[in-house]
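A, B, ... follow the sequence lines: proteins, then strands. Residue 1 opens every chain. Predicted, not measured: the structure shown is a model, and the values here were computed from it.
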Amino acid sequence: MMAGSQSNRLANGGLIDRSAPLSFTFDGKSLSGFKGDTLASALLASGVKLVGRSFKYHRPRGILTAGSEEPNALVELRSGARREPNTKATTAELYEGLEAASQNRWPSLNFDVMSVNQLFAPIFVAGFYYKTFMWPAKFWEAIYEPAIRRAAGLGRAATVSDPDHYDKAWAHCDVVIAGSGPAGLAAALAAGRSGARVILCEEDFVVGGRLLSDGGTIDGLPAAEWLARTLAELASLPDVRIMTRTTLFGVYDGGTYGAIERVNDHLPSPPEHEVRQRLWRIVAKRCVVAAGALERPIVFAGNDTPGVMMASAMRSYISRYAAAPAKRIALFTNNEHGWRTVETALEAGLQVAAVIDARAEVSPVHRSLASKGGFPVLHGSVSGVDGGKAGVRKLSVSLTGGARAEVEADGLAVSGGWNPTVGLTSYHRGRPKWRDDIAAFVPDGAPPGMVAVGAANGAFGLGACLREGFEAGSAAARDAGRSGGTGSTPVADDAAFSLTPLWHVAGKGKAFVDQQHDVTASDIELAQREGFESVEHLKRYTTLGMATDQGKTSNVAGLAIMAAVSGRSIPETGTTIYRPPYVPVAIGAFAGHHRDENFHATRLTPSHHWASEQGAIFVDTGLWKRAQWYPLAGEKDWLESVTREVKAVRSGVGFCDVSTLGKIDVHGPDAGAFLDRVYINTFSNLAVGKARYGLMLREDGIVYDDGTTSRLAEDHYFLTTTTAKAGLVMQHLEFCRQVLFPELDVQLTSVSDQWAQFSIAGPKTRDLLKQIVDPTEDLSNEGFPFMGAREVKLRGGIKARLFRISFSGEMAFEISVPARHGEAMARNLMIAGKPFGVTPYGTEALGVMRVEKGHVAGPELSGTTTASDLGLGKMMSTKKDFIGRVMAGREALVAPDRQVVVGIKPTDKARRLRSGAHIIPKGEIPGPDNDQGYVTSVCFSPTLDQWIGLALVERGRERFGEIVHAHDPLRGEDYDVELCNPVFYDPDGGRQRG
Amino acid sequence: MRIVCPFCGERELGEFTYLGDAKPQRPAADAGEDAVYDYVYMRDNIAGVMSENWYHGGGCRSWLKVTRNTLTHEISAVEAAAGAGAAKVGA
Ligand SMILES: [Zn+2]
C-alpha cells in the first residue's frame with residue numbers, strides 16, 4: 001500500500017508512469033508519487049505547499065518554479081554521509097525511498113521559533129552585515145557568525161566524507177548544443193544530418209524543454225509526436241549524442257566547455273562501480289546555446305506566499321506532471337504567454353478564479369476564453385496576498401483607475417515576461433544588450449564559436465525557435481567542415497507576444513525580489529538612498545543574486561527596481577558580470593578520482609616491497625614513499641631505531657635506497673661545456689672516472705639545487721639532483737639547453753626511473769661490496785679512490801655503476817643497477833652483508849648522519865641562501881660564466897652580515913632541539929630587531945650523544961663558541977645554544993677517504 | 001586552452017608549464033650587472049599579444065615559443081625553441 005494520498009494528482013495526462021508508484025518521505029512523513037515526478041511535483045501532487053523557511057526571516061515558502069532557477073524549494077536530500085543541503089526539489093528526480101527534509105526551521109516546519117526574526121526585520125535590512133557587526137572584529141568569529149548561522153543558516157552539510165565516486169572525462173565534437181527544447185533539437189537535426197559530430201546537453205532527465213509543458217504543433221504534428229519522430233531520427237544519426245541530466249555550465253578558452261552530468265543522482269546511491277556525477281570537458285568547434293528563457297516574477301507584497309508560482313511552472317506541473325498546484329487558480333500577467341496557464345488549467349478541469357492583466361488590452365481570443373470559462377478579467381495588478389503557511393487564500397488587486405478588488409484563490413500564477421538565459425554567452429565578460437520590445441536582456445555577441453538561438457536569443461515564438469535553431473545548426477556544421485544536406489526546416493506558427501513591462505507593484509508588506517536571500521524591494525530602495533547606485537555595489541550590499549541560485553529569478557527585477565528609484569533606464573543601470581558555473585557544481589566532481597590516497601600519484605622505490613616486508617615505516621616525500629626507519633622488535637620508539645641504524649653504519653655497514661634522487665644522463669661533445677654553464681663549479685676538467693659535487697644557482701644568484709655529477713666517458717656525464725627538485729631541474733636544464741644555449745651539442749635524458757641506487761656506508765662497506773661485485777673489480781683505495789666513478793660488473797654479470805661518494809661521512813659507495821634489479825640488490829645486500837652485521841637504514845638515519853657531517857640539504861637550500869651562506873662560496877668559479885654568476889655578486893648577496901650556516905649545540909647537554917627556533921643574542925629580549933636567524937635542521941646525534949643542529953645565523957662563521965639564545969614562541973621554549981663548526985663529525989674527512 | 005606542439009600536435013594545457021616572456025635574451029658574459037638585472041627582473045606584463053616560453057613537460061619535453069594574446073588566450077603561433085628536438089647533426 002502506498003503511503004499518503006495524492007490528493008492533487010490529476011486523473012489523466014502527464015509524462016509520469018502511473019504503473020510505477022514510488023514512496024518517499026518529507027520531514028519524516030510518508031508520501032507517494034510516480035516515476036517521472038520530481039520531488040516538487042510529487043509534493044504538489046500530495047497537496048504539500050509549504051516546503052521550507054526562508055533564509056533571514058524564516059517566512060514560509062513553497063515552490064516557485066519547475067527548474068534549476070528555483071530559489072525557495074531547497075531541501076536536504078538523503079541522510080548520513082550522503083546528506084546534501086540546498087538541493088532543489090524542482091530538479092531532484094523522485095526515486096523509491098527518497099528522504100528529504102526542509103531547511104531553515106526549528107523545531108519544525110509548521111512551528112518555527114525563528115520566525116520571530118520577522119519581528120526584528122529592521123535589523124536585517126540591506127547592508128545589515130556591514131551595519132550591525134562592524135566591531136569589535138573578534139566578535140565576528142565568537143558571537144555574530146555562529147548566531148547568524150543558526151538563525152539564518154542554509155541546510156546542514158554531511159559531517160562525514162562523501163562515500164561516492166566522481167569522474168572527469170573529455171569529449172570532442174564539432175557542435176555542442178546546450179538545451180533540448182525546439183531550438184536545440186532543430187540545431188541538432190540540422191548539424192546531425194550534415195554529418196557533424198554533435199553533443200546535445202540537456203539538464204532535465206527528459207528531452208524536449210518547453211515542448212513537454214507547452215505542446216504546440218510542428219510540421220502539422222502535435223509536439224509530442226514531432227518530438228518522438230525527431231528523437232528517432234537523431235538516434236539514427238551516427239554521431240549525435242544526447243546527454244540528459246547534463247548541464248553545460250561554463251565556457252572556457254579555445255572552445256572548451258564545462259558540463260556536469262548527474263549520472264546517478266536519480267538513484268538512492270550509485271550502483272556498484274558507477275560514479276555519482278561526471279564532470280565533462282567538451283571541446284567543440286562550435287556551440288549553439290539553446291538554453292531557453294526563464295520566466296520572471298513580478299514583485300508585490302506577499303509574493304513569497306506558498307501557492308504563488310511562476311505561470312510557466314504551473315503549466316509544467318499541470319501538463320507534464322499531472323499535479324495540480326491549486327484547485328482555484330488566479331493568473332497575474334503582463335504578457336500574452338501568461339494566458340497559456342489559464343488554457344492549461346481549464347483543459348485540466350481546474351477552476352480559474354480570475355485573470356489580473358496589467359496590460360491595457362486583452363486579445364479577443366482571451367476575452368472569449370474568459371467568458372466561456374466564467375471568470376473575470378481584471379485590469380490592474382496584484383498588490384497583496386492574504387495567506388500564510390497554508391498557502392494563498394485571497395488576493396488584493398489594485399485596478400487600473402484606482403479601485404480595489406479581491407479575488408479568492410488558493411494558487412496564483414505570475415508571469416512578468418521572459419529573461420533569455422544569457423549566462424553562457426556572457427561568461428567571457430560579455431554584457432548583454434537590452435531589447436525594449438520584449439523588455440529583456442539578450443546576448444550581445446558571444447565567445448568565439450558560440451551563438452545563441454531561440455528563447456535564449458529573445459525569440460519566443462515556436463516557429464522562430466525552430467528556424468533559428470535549424471539555421472545555427474547548419475551553419476555550425478558548415479563551419480566545422482561538414483557539408484552534408486540538412487533537409488528541411490521544421491515549421492510551426494509564431495504566436496503573438498505582447499508585453500507591458502511591470503516589475504514592482506506598490507503595496508503594504510514585504511515584497512521579495514530575491515527570495516533565496518530574502519532581499520526585498522525596499523532593501524533595494526534603501527541601498528539606493530544610501531548611495532549604492534552601481535549594480536555591483538547594490539549586489540554586494542543587499543546580497544541580491546548572491547545565493548546558490550545566482551539570482552536567476554531576481555537579478556533583472558532588482559535592476560529594474562534600482563533603475564526606477566534612481567531615475568535611470570534599465571540598460572543605463574546595467575548588469576553585473578556573469579560568472580560560471582550556471583548551476584552549482586560539487587567540489588567532488590572537480591576533484592574526480594583525485595582524492596584520499598589518489599589525490600596524487602604514488603611513487604615506490606625499487607626496494608619498496610622488500611622494505612615493506614622488513615616492517616619499514618614509510619614517509620611521504622613528494623610523490624615518493626620512502627623508508628624512514630626499520631624498527632626491530634622490542635624497540636620502544638623511532639629514536640631508538642634510528643640511533644641503532646646510525647651506530648651500525650658508523651661502526652659496521654649499512655645501506656639505504658637513494659633511488660629517489662633525480663638522475664640525468666648528459667651526452668654529447670659539449671656536455672662538459674654545458675655543465676660549466678649550469679653549475680657554479682667546473683665540470684669540463686673533471687677526469688673520466690671521477691665524480692664531483694656540484695651546485696646550481698638560479699639566474700638571480702640564489703642556490704637552486706645540488707648533487708653529484710660523474711664523468712663516465714669523454715662525452716657522457718651522469719648528473720644527480722635532489723629528490724625534491726628532480727623534475728624541476730630537468731625542466732631547467734632543458735631550458736638552458738634548448739633556449740639559452742642552443743649552440744651546444746648536448747642531449748639530456750632523464751634516467752631517474754631507470755636506475756635503482758643504493759648508498760652503502762660504513763667501515764665494512766668494502767667487505768660487503770666485495771661479495772657483490774665481480775672479483776676482478778679493484779675496490780682498493782688505489783683501484784677505486786674517493787670520488788671515483790665507473791661502471792663495474794657484478795657477480796652474475798649484471799653491469800652496475802659504482803660511485804665512491806659519501807653523504808654520511810663514512811667510507812661509502814653508491815651503486816646503481818637497472819631498476820628492475822633494485823629489489824634483488826636489496827635482498828642480496830642483506831644476504832652478503834650478514835657476516836658483517838649489515839643494517840638497512842632509512843631517511844631519518846640518513847638525515848642524522850648528514851647533520852653530523854654538516855652537509856646542507858632542503859632546509860638550508862631554502863630559496864633564500866647563496867653559495868656563500870652555505871659555506872660553499874669558494875666553489876664559485878671566476879674563470880667562466882654560469883647561470884646566476886652576475887646576480888650572485890650583488891651587494892646584498894655578498895654582505896658580511898648575512899645569515900650563514902653554522903652548527904648549534906644546546907648548553908644543557910640533555911636538552912632536545914627543534915627546528916624553527918629563532919636565534920637571539922644572549923641576554924636580549926626577543927623581537928624582530930634582534931632576530932639573527934633560525935634553526936634549520938636538528939637531530940639527536942648518537943655519535944655525540946646529544947642533540948645537535950644546523951642554523952642560519954648572522955655572521956655565524958665568525959661566532960663559533962658564542963652562546964646565543966634560542967627562542968621558540970610556537971612551542972613556548974627558550975634555551976641557550978652554542979654556535980659551532982657545522983661539521984660535527986670527522987672534520988678532516990679521514991673516514992670517507994679511508 | 002590547448003597548444004599545438006610542433007612535435008606532438010594539439011595538446012591540453014595541463015601538459016604544459018608556463019615560464020613567461022620569451023623576448024628578453026640572456027646577456028653575454030661581459031654585459032655587466034645592469035644588463036643582467038634587466039634580464040632577470042624587468043619583465044613586461046603585456047595585456048595583448050605576447051611571445052612566451054612554454055615547456056611541454058607532459059609530452060616531448062620541448063621548450064616552445066608561443067605567441068598568445070593574454071586577454072583572449074588566443075594562440076597565433078607556436079614554434080620550437082632553437083635547441084629543441086634531436087641532436088645537432090654535424091654541428
Ligand atoms: Zn610536444
task = May I ask you to test the V739(A)-K65(B) pair for a side-chain heavy-atom distance under 4.5 Å?
result =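 V739(A) vs K65(B): side chains apart.
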Side chain / backbone / both / neither for [X] at chain A, heavy atoms under 4.5 Å:
| X | value |
| --- | --- |
| L19(B) | side chain |
| E12(B) | side chain |
| R61(B) | both |
| V40(B) | side chain |
| Y37(B) | both |

inquiry  = Testing the basics here: between R890(A) and E33(B), what is the closest heavy-atom pair and its distance to 0.1 Å?
reply    =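 Distance-wise, the nearest heavy atoms are CG-OE2, 3.3 Å.
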key: Contacting moiety of I883(A), where chain B heavy atoms sit under 4.5 Å   =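 Backbone plus side chain of I883(A), per the 4.5 Å heavy-atom cut-off to chain B.
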query = Heavy-atom distance under 4.5 Å to chain B: side chain of R885(A), backbone, both or neither?
reply =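 Only the side chain of R885(A) comes within 4.5 Å of chain B.
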query = What distance separates Q738(A) CD from N53(B) CG, expressed to the nearest 0.5 Å?
reply =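 Interatomic distance, Q738(A) CD to N53(B) CG, rounded to 0.5 Å: 10.0 Å.
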inquiry  = Within a 6.0 Å radius of atom CG on N45(B), are there more than 12 heavy atoms belonging to other residues, nucleotides or ligands?
reply    =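 Atom CG in N45(B) is not packed in, count stays at 12 or less.
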task = Tell me, with the steps shown, if D881(A) and R26(B) meet salt bridge (Lys or Arg N to Asp or Glu O under 4.0 Å).
result = CA-CA 12 Å; D881(A) 189 29; R26(B) 190 170 188 272; 3.2 Å; yes
key: Greatest number of heavy atom pairs closer than 4.5 Å to chain A - which of S62(B), A80(B), G32(B)   =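 Of the options given, most contacts go to S62(B).
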E699(A) vs Y39(B), side-chain contact (heavy atoms from CB on, under 4.5 Å): CA-CA, chis, key distance, verdict = CA-CA 9 Å; E699(A) 195 70 277; Y39(B) 168 69; 3.7 Å; yes
query = Has the side chain of W63(B) got a donor or acceptor atom that lies under 3.5 Å from a matching backbone atom of Q731(A)?
reply =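 Yes, because the side chain of W63(B) sits within donor-acceptor range (under 3.5 Å) of the backbone of Q731(A).
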